Structures are given as C-alpha cells and as structure tokens.
2 protein chains.
Amino acid sequence: MNVVEAKELLKTEGYKHTDKRTDILQLFSDESRYLAAKDVLEALQNKYNGLSFDTIYRNLSLFTELGILETTDLDGEKKFRFSCSTDYHHHHLICLDCGKTKHIHQCPMDTSIISDEGFQIIDHKFEVYGYCEQCGEQKNV
Amino acid sequence: MNVVEAKELLKTEGYKHTDKRTDILQLFSDESRYLAAKDVLEALQNKYNGLSFDTIYRNLSLFTELGILETTDLDGEKKFRFSCSTDYHHHHLICLDCGKTKHIHQCPMDTSIISDEGFQIIDHKFEVYGYCEQCGEQKNV
DNA sequence: TTTATGATCAGAATCATTCCGATTTAACTT
DNA sequence: AAGTTAAATCGGAATGATTCTGATCATAAA
C-alpha cells in the first residue's frame with residue numbers, strides 16, 4: 001500500500017479527493033510509525049488553519065475501514081499506521097517512545113500452538129514493545 | 001493468587017481492610033474473565049449504595065500494582081482479571097462477548113523468533129480473540 | 001455554471017478515567 | 001472504651017480521547 005494506491009482505492013470506492021486526505025496519507029507514508037489523532041492534527045494544522053479533530057477522526061476511521069491504515073491501542077489511545085500491505089500478514093516491534101515499528105515476520109498462530117476445541121478464533125494480536133535504536137541511545141546518554 | 005493471598009498481601013503492604021476491597025477481590029475470584037471498571041461498579045452497587053467510581057478505579061489500580069490483577073486494553077477500555085499467578089508466564093484466549101479467558105501456555109517469545117539488534121525489548125502482548133463455547137453457541141442458534 | 005452529495009467546521013456531547021476537597025472509617029494508642 | 005491518625009471513600013468536578021450534530025463549504029458530475 002502506498003499513497004497512490006490509497007488514493008485510487010478512495011476514488012474507486014466513490015470518495016472525493018481532498019487536499020487534506022492527500023496530506024494525511026502522505027504523512028503516514030513518510031512516517032513509518034504509529035501516530036495518534038492528535039499527532040496528525042499537529043502535523044497538519046499549520047497548513048490548514050482551523051483544521052477540525054472531526055476531520056482527522058473521520059478520515060482515520062475511513063482509511064482503517066478501507067484497509068489503508070492499521071490500528072492498535074497503545075496506552076489508552078488509538079494509534080494508526082500505514083498498512084504495510086493488504087495481504088502480507090505480519091506483526092510489529094513497536095517503540096514505546098516514538099511509535100516507530102519494525103516487522104516481525106513470524107506469526108505465533110502459524111505454528112498452530114493454539115488449539116482449543118470450542119473456542120472459535122476470530123483474531124489475534126502479537127506486539128513486542130521496547131525502544132528502537134535511536135530512542136534507546138538517548139535513554140543511555 | 002486467590003482472595004486469601006491477595007488480602008494477606010494487602011495487609012503486609014500496609015493497606016487497610018475494607019469490605020469493599022474484599023468484595024472486589026471476591027468478584028474477580030468468582031469470575032474468571034476480564035471485567036471493566038463499570039462492570040465492577042454494577043456488581044457491587046446494590047450492596048453499597050452510592051459506591052463511587054473513584055473507589056473502584058483506585059482499588060483496581062492498586063491491585064494491579066501489587067500484581068493481584070492483570071490488565072489489558074480491549075476496545076478502548078481497560079479490563080482487569082485476577083492474576084493467574086505471580087510467576088507463571090502465560091497468555092490468553094479472550095472471548096469477545098463475555099471476556100472469559102483460557103490460558104495459552106506457549107509464549108511466542110520463548111521460541112526466540114524475535115531477534116533484532118538495536119531494538120531493546122521491554123514487553124510483549126499476545127492475545128487471541130474469539131468466542132468461547134457458550135457465547136459461540138448462542139451466536140449459531 | 002449549476003447542482004447534489006460528500007467533506008469540513010466549530011462546538012457540544014459522550015465515555016472512560018482521574019483529581020480534589022470534605023467526610024468517614026480502620027487500626028493503633030492511651 | 002474513647003481518642004488519634006492516616007488511609008479510604010464520597011460526590012462531583014475536571015480531563016482527555018473520541019463521537020455527534022447542524023450549518024457551511026467544496027468536489028465531481030450534469
């Protein structure tokens with residue numbers, strides 16, 4: 001998934017093009033990390049005076065519905081990041097400082113360690129938290 | 001961990017005994033599932049008229065600090081359950097309907113599939129979501 | 001250019017959670 | 001048994017994230 005693909009998807013799904021949508025997508029494309037709604041607002045509000053939280057939230061959930069963004073709950077707030085791809089299943093290392101992520105290619109569900117008759121599995125979450133190289137160094141100074 | 005152990009721990013740590021604390025602990029002991037703060041309030045407010053949210057939240061976070069409860073974020077709210085044990089590391093199958101849990105004994109971190117130099121690992125989360133036997137049956141009626 | 005509908009704004013409303021000052025109570029002291 | 005003290009609780013206000021609403025605006029199609 002990239003900005004161009006995302007914009008095409010929006011178009012084919014009948015959503016209108018707006019500069020704000022483009023800029024939100026571009027922001028997520030530039031930053032390979034999880035961002036909260038307020039991070040997005042802050043990043044765009046110099047350019048768009050009076051930008052509304054509503055616009056941010058509405059677009060973030062639209063993009064999530066369309067699979068353009070993926071989301072996780074981190075310390076009580078929803079965070080969003082660009083979907084790495086629509087079909088490649090993966091998990092993340094997540095930096096607790098800056099939200100930057102790295103892929104984990106192996107999935108614990110692959111190894112079929114979970115077998116429980118009667119429990120109907122719908123979804124799963126595997127996340128590893130810590131500090132990325134840059135943030136880790138800052139802490140040790 | 002059980003109610004008696006939890007109460008002993010509270011005592012040795014210098015916290016006072018109150019009926020509300022006992023009842024909160026008993027509730028978690030009876031229900032082997034994740035409960036939100038409001039679930040706890042609802043369960044106790046017939047007995048304690050005027051029970052305050054503050055009391056619930058204060059005790060839930062105290063119990064969590066002491067390792068009596070463990071917590072997770074589920075669809076935007078904190079949920080709590082009795083700690084299975086202080087030293088046995090485990091993960092959960094979680095029912096999306098009733099919050100009931102089952103243990104997953106294997107941990108994806110055990111197999112050391114995650115190796116990333118420069119990323120300092122602090123914590124991880126592995127949860128499997130779905131429907132337990134009872135809730136799954138209700139859905140298929 | 002006009003029009004219809006989707007997008008945005010601004011601010012109010014909601015929901016979970018935390019904070020605060022006043023009051024009550026458990027546990028210790030005399 | 002009564003007094004003391006610090007912890008616990010209450011009730012309600014404050015906060016922070018998120019959602020809703022009615023009015024206005026802008027995109028895309030006619």
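Just so we're clear, the structure is a prediction, and the values are computed from it rather than from any experiment. Here is how names work: the chains are called A, B, and so on, in the same order as the sequence lines, proteins then strands, and each is numbered from 1. Because only heavy atoms are used, hydrogens play no part in the values below, and waters and symmetry mates are left out as well, while side chains stay in.
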Among the nucleotides C:dA27, C:dA7, C:dC9, whichever has the atom closest to the side chain of B:K16 is C:dA27

Main-chain N/O of B:C98 paired with B:R33 side-chain donor or acceptor, under 3.5 Å: yes

For B:F53 and C:dC20, what is the distance between atoms CZ and P respectively, to the nearest whole Å? 19 Å

Return whichever of B:G50 or B:Y15 has its heavy-atom-nearest nucleotide of DNA chain D closer to the 5' end. B:Y15

Closest nucleotide among D:dA8, C:dT5, D:dA17 to the A:K38 side chain: D:dA17

Donor-acceptor pair present, A:K78 side chain and D:dA17 base, under 3.5 Å: no

Over how many whole Å does the gap from B:L41 atom CG to C:dC15 atom P extend? 15 Å

From the set D:dC10, C:dT8, D:dA8, return the single nucleotide nearest to any side-chain atom of A:K20. C:dT8

Of the nucleotides D:dT19, D:dG11, C:dT25, which has the atom closest to the B:S52 side chain? D:dG11

Spacing between A:R21 atom CZ and D:dA28 atom C1', to the nearest angstrom: 13 Å

Closest non-hydrogen atoms of B:L51 and B:L41, given as atom of the first, atom of the second and distance, are O-CD1, 3.6 Å

Measure from CG on A:N49 to P on D:dC25 and round the result to the nearest Å. 16 Å

Can you check the A:D19 CG to D:dC25 P distance for me, whole Å? 18 Å

Round to the nearest Å and state the distance from B:E77 atom CD to C:dT18 atom C1'. 16 Å

Given C:dA27, D:dT19, C:dA7, the nucleotide with the shortest approach to the side chain of B:H17: C:dA27

What is the distance, to the nearest angstrom, from the CG atom on A:D23 to the P atom on C:dT8? 11 Å

Would you please indicate yes or no on a ring centroid separation below 6.0 angstrom for B:H89 and B:H105? no

Taken to the nearest whole Å, CG/B:N59 to P/C:dT17 is 15 Å

Closest approach to the side chain of B:R58, judged atom by atom: which nucleotide of D:dT9, D:dA17, D:dT27 is it? D:dT9

Check whether any side-chain N or O of B:Y57 sits under 4.0 Å from OP1 or OP2 of C:dT18, and answer yes or no. no

Return whichever of B:S61 or B:K11 has its heavy-atom-nearest nucleotide of DNA chain C closer to the 5' end. B:S61

From the options D:dA6, D:dT9, C:dA16, select the nucleotide whose nearest atom is closest to the side chain of B:T55. D:dT9

With rounding to the nearest 0.5 angstrom, report the CG to CG distance, A:L60 to A:L35. 9.0 Å

If we ignore angles and hydrogens, is there a donor and acceptor under 3.5 Å between the side chains of A:D39 and A:Y34? no

Minimum-distance nucleotide (side-chain atoms of A:D54 versus D:dT9, D:dT18, D:dT21): D:dT21

Can you confirm if the aromatic rings of A:H124 and A:H91 lie within a centre distance of less than 6.0 Å? yes

Taking 4.0 Å as the cut-off, does a side-chain nitrogen or oxygen of B:T18 come that near to OP1 or OP2 on D:dT9? yes

